[in-house]
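Contents: one structure, followed by commentary.
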Protein chains: 2
Amino acid sequence: MGTDNKKTAADTTGRIRLENKERIIKAAEKIFAKNGFRGATTADIAAAAELPKANIHYYFGTKEDLYRAVLDEIVALWVSSFREIKHDDDPASTLADYIRAKMELSKNRPHASRVFANELIRGAPRMKDYLEGALKEWVEEKAGIMDQWIEEGRMAPVNTRTLIFHIWAMTQTWADFEVQWTAILGTGDHLGDAEYEEATNAIISMVLRSCGLIPVPPRMTETEMKLTV
Amino acid sequence: MGTDNKKTAADTTGRIRLENKERIIKAAEKIFAKNGFRGATTADIAAAAELPKANIHYYFGTKEDLYRAVLDEIVALWVSSFREIKHDDDPASTLADYIRAKMELSKNRPHASRVFANELIRGAPRMKDYLEGALKEWVEEKAGIMDQWIEEGRMAPVNTRTLIFHIWAMTQTWADFEVQWTAILGTGDHLGDAEYEEATNAIISMVLRSCGLIPVPPRMTETEMKLTV
DNA sequence: ACGAATATTGATCATTTGGTCAAACCAAAA
DNA sequence: TTTTGGTTTGACCAAATGATCAATATTCGT
């Protein structure tokens with residue numbers, strides 16, 4: 001009555017509108033992941049969404065707008081995966097949990113991971129703000145806490161920013177370059193739970209060992225040790 | 001006289017032809033790296049090569065042919081970086097050398113690295129043969145040698161195939177996602193020698209430590225150790 | 001059931017894009 | 001110099017592509 005709640009087409013959140021937008025974003029994510037922004041066509045996206053091409057433009061004005069919407073969803077996904085780290089958390093389990101969360105993302109949302117990778121490869125023209133803002137802050141904060149851990153002797157000294165980058169690299173590679181791994185491992189045409197499990201454990205072991213958080217398993221024969229030097 | 005050495009336009013290797021083909025491939029590498037196969041336009045490539053568009057089609061029939069030529073050069077580059085590994089080589093220095101070689105490639109040929117990454121993200125439709133053939137063989141051979149090292153107690157037991165993948169992931173990330181790192185580290189708009197040096201050492205330390213090939217530096221204060229458990 | 005708001009869609013348009021072609025150009029062998 | 005075979009280039013074309021629109025259909029509050 002007294003409240004001014006007139007709706008415009010743009011920000012209306014009706015049932016049909018929400019459903020269709022989500023459906024289109026999901027389809028767009030797949031197509032953008034495969035062909036990048038310039039390589040993706042609105043016709044392909046429409047086909048993937050099983051809708052007429054005109055609908056895509058009805059819900060998202062331009063291809064550019066749609067792409068931004070996809071990126072927004074992905075950034076939200078990324079941000080939500082950043083669990084809080086507190087200073088008195090246990091370094092080993094904190095790192096292990098984070099690696100597990102990242103690998104879950106790679107396994108469950110490979111398209112999102114690839115859209116992100118595509119955007120980065122091209123120089124992130126639409127994400128510079130995010131990278132230099134929120135993401136940088138996140139890294140600074142987390143690296144800062146880890147640096148404290150090191151100062152307090154709770155983990156071995158390493159460059160913590162570089163460590164974070166390498167964790168990202170190893171976890172993302174299983175989504176972005178899946179074909180490479182399936183081709184070389186010879187596991188059908190996509191990675192199964194077993195491969196992800198194995199990879200996750202390998203990354204956790206590697207990171208924790210190199211930070212002195214778990215012991216490195218002994219070499220097998222002690223008599224051969226002198227050959228190493 | 002007696003020899004049949006007629007030339008066809010396709011396989012002639014005249015001075016001008018060679019120069020122009022190389023010039024076009026270099027330009028194409030840059031454009032394909034940024035926009036992927038479908039996103040790259042022959043007009044952009046021609047502009048980057050500072051030649052009329054028709055020349056591109058004169059030397060390479062179709063965009064597809066040009067792309068394959070670029071991929072061929074990249075594969076050749078990759079293959080040439082695969083140094084021989086022999087069974088009696090020293091594990092630590094062999095791994096370190098390989099990581100250094102890969103990082104050199106990332107630093108010196110970032111465009112090539114990104115074209116490769118683009119192709120993999122999209123499912124490697126034109127490189128399946130290479131991945132399942134030569135590259136797989138290379139991995140099998142190298143992983144086999146490393147498995148022997150493990151059996152002989154010359155390094156700690158790890159999944160060697162997975163280790164190779166993670167080395168690729170960490171070394172490629174510095175080329176493919178350069179913007180991400182520059183944005184977060186705040187180092188102008190591209191990585192300098194110092195960053196590459198630091199990253200290279202970090203990867204080497206991480207890999208060698210996790211394989212028990214160099215000791216993990218001790219944590220700093222021994223009195224705080226009980227907090228960890 | 002009615003009407004206003006929202007959603008659907010085929011037809012259509014201007015631009016971009018990969019590719020062609022013929023005429024002009026040039027290097028170098030004869 | 002002349003000839004020959006490769007090279008250069010602007011003009012051009014058909015197909016693909018992002019985007020628009022008007023006509024039609026559906027939804028939903030009242």
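All heavy atoms count here, side chains included; hydrogens, waters and symmetry mates do not. So that the names make sense, note that chain A is the first sequence line, chain B the second, and so on, each numbered from 1. Treat the numbers as computed from the prediction; the structure is a model and nothing was measured.
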* Asked: Atom CG of Asn55(B) to atom C1' of dC26(C): distance rounded to whole Å?
  -> 14 Å
* Do His57(A) and Leu66(A) touch side chain to side chain, with heavy atoms closer than 4.5 Å? -> no
* Asked: Does Arg17(A) put a side-chain nitrogen or oxygen below 4.0 Å from OP1 or OP2 of dT6(C)?
  -> no
* Measure from the side-chain N and O atoms of Lys63(B) to the backbone N and O of Ala40(B), and report whether any donor-acceptor pair falls under 3.5 Å. => yes
* To do: Mind calculating the distance between CD (Glu50(A)) and C1' (dT9(C)) to the nearest angstrom?
  => 16 Å
* Dump the intermediate steps for side chain to side chain donor-acceptor pair (under 3.5 Å) on Asp97(B) and Thr94(B), then the final yes or no. => CA-CA 5 Å; Asp97(B) 284 351; Thr94(B) 301; over 6 Å; no
* Asked: Counting side-chain heavy atoms from CB outward, which of dG10(C), dT8(D), dT20(C) is closest to Ala54(B)?
  -> dT20(C)
* Taking CD1 from Ile45(A) and P from dA19(D), how many angstroms apart are they, rounded to a whole number? -> 10 Å
Report all interatomic pairs (protein N or O, nucleotide N or O of nucleotides 24-30 of chain D) with separations under 3.5 Å.
from    : atom 1 : to       : atom 2 : distance (Å)
dC28(D) : OP1    : Arg15(A) : NH1    : 2.8

* To do: Mind checking the CZ-OH spacing from Arg17(B) to Tyr58(B)? Nearest 0.5 Å is all I need.
  => 5.5 Å
* Under the side chain to side chain donor-acceptor pair (under 3.5 Å) test, which residues partner Gln180(B), sequence neighbours left out? -> none
* **Distance test, side-chain N/O of Asn20(B) to OP1/OP2 of dT8(D), below 4.0 Å** => yes
* Asked: Can a salt bridge be assigned to the pair Glu104(B) and Arg100(B) using a cut-off of 4.0 Å between side-chain N and carboxylate O?
  -> no
* Interatomic distance where CD1 belongs to Ile24(B) and C1' belongs to dT9(D) [whole Å] -> 13 Å
* Please give, in whole Å, the distance from dA5(C) P to Tyr58(A) OH? -> 13 Å
* To do: Under 4.0 Å between any heavy atoms, over every strand shown, what does Tyr59(B) touch: base, sugar-phosphate, or nothing? Just pick one.
  => sugar-phosphate
* **Lys/Arg N to Asp/Glu carboxylate O, Arg15(B) vs Glu19(B), below 4.0 Å** => yes
* To do: Rounded to the nearest angstrom, tell me the gap between atom CZ in Phe60(A) and atom P in dA7(C).
  => 12 Å
Polar atom pairs between nucleotides 15-19 of chain C and protein, under 3.5 Å, N or O only, would you list them?
from    : atom 1 : to       : atom 2 : distance (Å)
dG18(C) : OP1    : Ala40(B) : O      : 3.1
dG18(C) : OP1    : Lys63(B) : NZ     : 3.0
dG18(C) : OP2    : Thr42(B) : N      : 2.8
dG18(C) : OP2    : Thr42(B) : OG1    : 2.9
dG18(C) : N7     : Lys53(B) : NZ     : 3.1
dG19(C) : OP2    : His57(B) : NE2    : 3.4
dG19(C) : OP2    : Lys63(B) : N      : 2.6
dG19(C) : O6     : Lys53(B) : NZ     : 2.8

* To do: Starting from C1' on dT8(D), measure out to CZ on Arg23(B) and report it in whole angstrom.
  => 13 Å
* Asked: Once you round to the nearest 0.5 Å, how far does CD of Glu198(A) lie from OG1 of Thr162(B)?
  -> 4.0 Å
* Are the charged groups of Arg161(A) and Glu140(A) less than 4.0 angstrom apart, N to O? -> yes
* For the pair made of CD in Glu19(A) and P in dT8(C), what is the distance, rounded to whole Å? -> 10 Å
